[in-house]
Structure formats: structure tokens, C-alpha cells
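Input: a single structure, listed below in C-alpha cells.
These numbers come from a predicted model, not from an experiment. Quick note: residue numbers are just sequence positions, from 1.
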Amino acid sequence: MKKVKVLIVVGSPRKRGNSSSLARQVAAGAEAAGAAVETYYLHGMKIKPCNACDARRKKPGAGCVLKDDMRKLYPKLRSADAIVVASPVYWFTVSAQTKLFMDRWYALGSDDGYELAGKRFGIVMTYADADPFVSGAVNALRTFQDACRFLGAEIVGMVYGSAWRAGEILRNKSVMKEAYALGKKLTEIK
Ligand SMILES: Cc1cc2nc3c(=O)[nH]c(=O)nc-3n(C[C@H](O)[C@H](O)[C@H](O)COP(=O)(O)O)c2cc1C
């Protein structure tokens, strides 16, 4: 049987931080369920802002004109069955690294819709304030709800928790369990 492909993209500069820790749990859950998991850390990758050239729409099949590390990620996005975006909340929304990456999904769209349609999404979010509304986590999570509705993609689950210092989330056993369960659930393709 074909292995389910799970692509995990982390938008925190802290490789041992909270969103990365939850992302690793998602990966562990998905791998235990037999999936092939690949993880990319956006921080350190060269990802330019979308320049709105619309080249892709003018010339179908052209792809994104920008020459940077998104060239590695576009094929991964296309071939993944499930995509996990893990981000800290920065200034009441996703981190800038995550936003640059998301803006570049624009090049996956055409008059026929988006190449991300039908993908299964998992969203992971960490933030320092105890309250998800006050922290801005709700804004960030709502962004993904709107984006996935627009793309025609399904959100399989959203895992989010409060933590400040890098790795603090490891002490939150229930959110760690949720992240592992999300990894498993992402592989359950009917
Ligand atoms: C630049 C910056 C902006 C932040 N903005 C917020 C915020 O708006 N709301 C919040 O609750 N926490 C905010 N935080 C705290 C982080 O979201 C929190 O520490 C999170 O757990 C970091 O996740 P990470 O370890 O995956 O990087 C901010 C942290 C930084 C460095």
C-alpha cells in the first residue's frame, strides 16, 4: 500500500521551541501510523515575499517566477497528502516566516482552483499568553480556517497551547497527546 505523505512546515526560528516540539509529536504520531514524514524549518530558508506578478495565471503551468527555496517546497506541497503548518503567535497572528510561506501558495492557484485543494491540513500554534483570544492565537487559527475554506482543503485538526520559553510546552501533557493524535488522524485517508 502507498505510504501517506505528510509534509510538516515549521515557522519558528527555535528548532527546540514549542511549535517545533508539537510538530515533532505530530510527526511521531504520523510515523507510528505508517506515514512518510518530511519536516522543513522555514527560518533560514530563503523565501521572498510574493511580488503579485500573476505570471502563473498569465501562463498556465509556468509556476512561480521567484528563484528561492520555495522551489524546494512547491513539489513537496504538491505531492503531500497532508500538510502541517506549525507556527508561534507573533504579534497576534502567525510568524512572518509562516506568512511569507503562505503568501507564496498564491502561485499554486489558477482559474481552475488551487493545487492544494483536497489536501488534509493540520495546524499547530503556540503562544505565551494564557488566553488564546488575548494572545492572538484565535486570529491565527481563523486565518487557517479561511485559507483552507478558500483552497478547498480540509482542516483535520488544530492543536494549540500556551507556553513561553523554548520547550516549555513539553510539560503540557494533554496538548502533547493531542499533537500525537493529530499526526495519526492525518494519515486516515478514506
Ligand atoms: C517577536 C515575538 C512576538 C510574539 N508575539 C506574541 C503575541 O502576540 N502573543 C502571544 O501570546 N505570544 C507572543 N510571543 C510569544 C511566543 O508566541 C511564545 O513564546 C511561543 O511559545 C513561541 O513558540 P516557539 O517556541 O515555537 O517559537 C511572541 C514572541 C516573539 C519572539
Cluster overlap L186 with M158, hydrophobic side-chain contacts below 4.5 Å: no

Any side-chain heavy-atom pair of T126 and V89 under 4.5 Å: no

Cluster check L73, M102: I/L/V/M/F/W/Y, side chain < 4.5 angstrom: yes

Pair listing, ring-ring contact (aromatic ring centres under 6.0 Å, His included) test, anchored in residues 2-57, at least two apart: none

Distance, nearest 0.5 Å, that separates CG of L22 from OG of S87: 12.0 Å

ILVMFWY network linking I83 to L141, side-chain heavy atoms under 4.5 angstrom: yes

Minimum side-chain heavy-atom gap L42-V9 below 4.5 Å: yes

Any donor-acceptor N/O pair, S21 side chain to L170 backbone, under 3.5 Å: no

ILVMFWY cluster, F144 and L100 together (side-chain gap under 4.5 Å): yes

D146/R142 under side chain to side chain contact (heavy atoms under 4.5 Å, CB included): CA gap, chis, key distance, verdict: CA-CA 6 Å; D146 286 341; R142 285 281 306 117; 3.2 Å; yes

Neighbour count above 12 (heavy atom, 6.0 Å) for Y180 OH: yes

From T143, I155, L116, residue fulfilling side chain to side chain contact (heavy atoms under 4.5 Å, CB included) relative to C148: I155

Any residue meeting ring pair (Phe, Tyr, Trp, His ring centres under 6.0 Å) with Y114, in chain and number order, not counting sequence neighbours: F150

Smallest separation among heavy atoms of C64 and A107, with atom names: CB-CB, 3.6 Å

V94 versus M125, closest heavy-atom pair with distance: CG1-CE, 4.4 Å

Short side-chain to backbone donor-acceptor contact, D69 and K46, under 3.5 Å: yes

N18 side chain vs G167 backbone, donor-acceptor pair below 3.5 Å: yes

Validation row, ring centre W105 to ring centre F121 under 6.0 Å: yes

Gap separating the CG atom of N172 from the NZ atom of K177, nearest 0.5 angstrom: 12.0 Å

Note, Y127 side chain near P88 side chain (heavy atom, < 4.5 Å): no

Salt bridge (charged side-chain N to carboxylate O under 4.0 Å, His left out) partners of R78, counting only residues at least two apart: E115

T93 side chain near K99 side chain, heavy-atom distance below 4.5 Å: no

Cluster link V26 to V4, ILVMFWY, side chain under 4.5 Å: yes

Residue pair V156 / E154, side-chain heavy-atom distance below 4.5 Å: yes

Student check: side-chain heavy atoms of Y74 and L108 closer than 4.5 Å: yes

Interatomic distance, S79 atom OG to K5 atom NZ [nearest 0.5 angstrom]: 4.0 Å

Taking every non-hydrogen atom, the tightest pair across E38 and K76: OE1-NZ, 3.1 Å

Listed partners of D111 passing side chain to side chain donor-acceptor pair (under 3.5 Å), at least two apart: none

Residue list, salt bridge (charged side-chain N to carboxylate O under 4.0 Å, His left out) with E31, at least two apart or on another chain: none

Closest non-hydrogen atom pair, L66 against R104: CB-NH2, 3.4 Å

Test side chain to side chain contact (heavy atoms under 4.5 Å, CB included) applied to D81 and K2, step by step: CA-CA 11 Å; D81 300 296; K2 196 180 141 274; 3.8 Å; yes

Where K48 and K67 come nearest, the two heavy atoms and their spacing: NZ-O, 3.4 Å

Non-neighbouring partners of R14 that pass salt bridge (charged side-chain N to carboxylate O under 4.0 Å, His left out), sequence neighbours left out: none

Heavy-atom side-chain contact between I189 and R120 under 4.5 Å: yes

Nearest heavy-atom neighbours spanning S162 and A130: OG-CA, 3.8 Å

Heavy-atom donor-acceptor pair, R24 side chain to S19 backbone, under 3.5 Å: no

Full working for side-chain hydrogen bond (donor to acceptor under 3.5 Å, both in side chains) between D54 and Y106: CA-CA 9 Å; D54 272 333; Y106 190 65; 2.9 Å; yes

Side chains of V84 and V6 in contact at under 4.5 Å (non-hydrogen atoms): yes

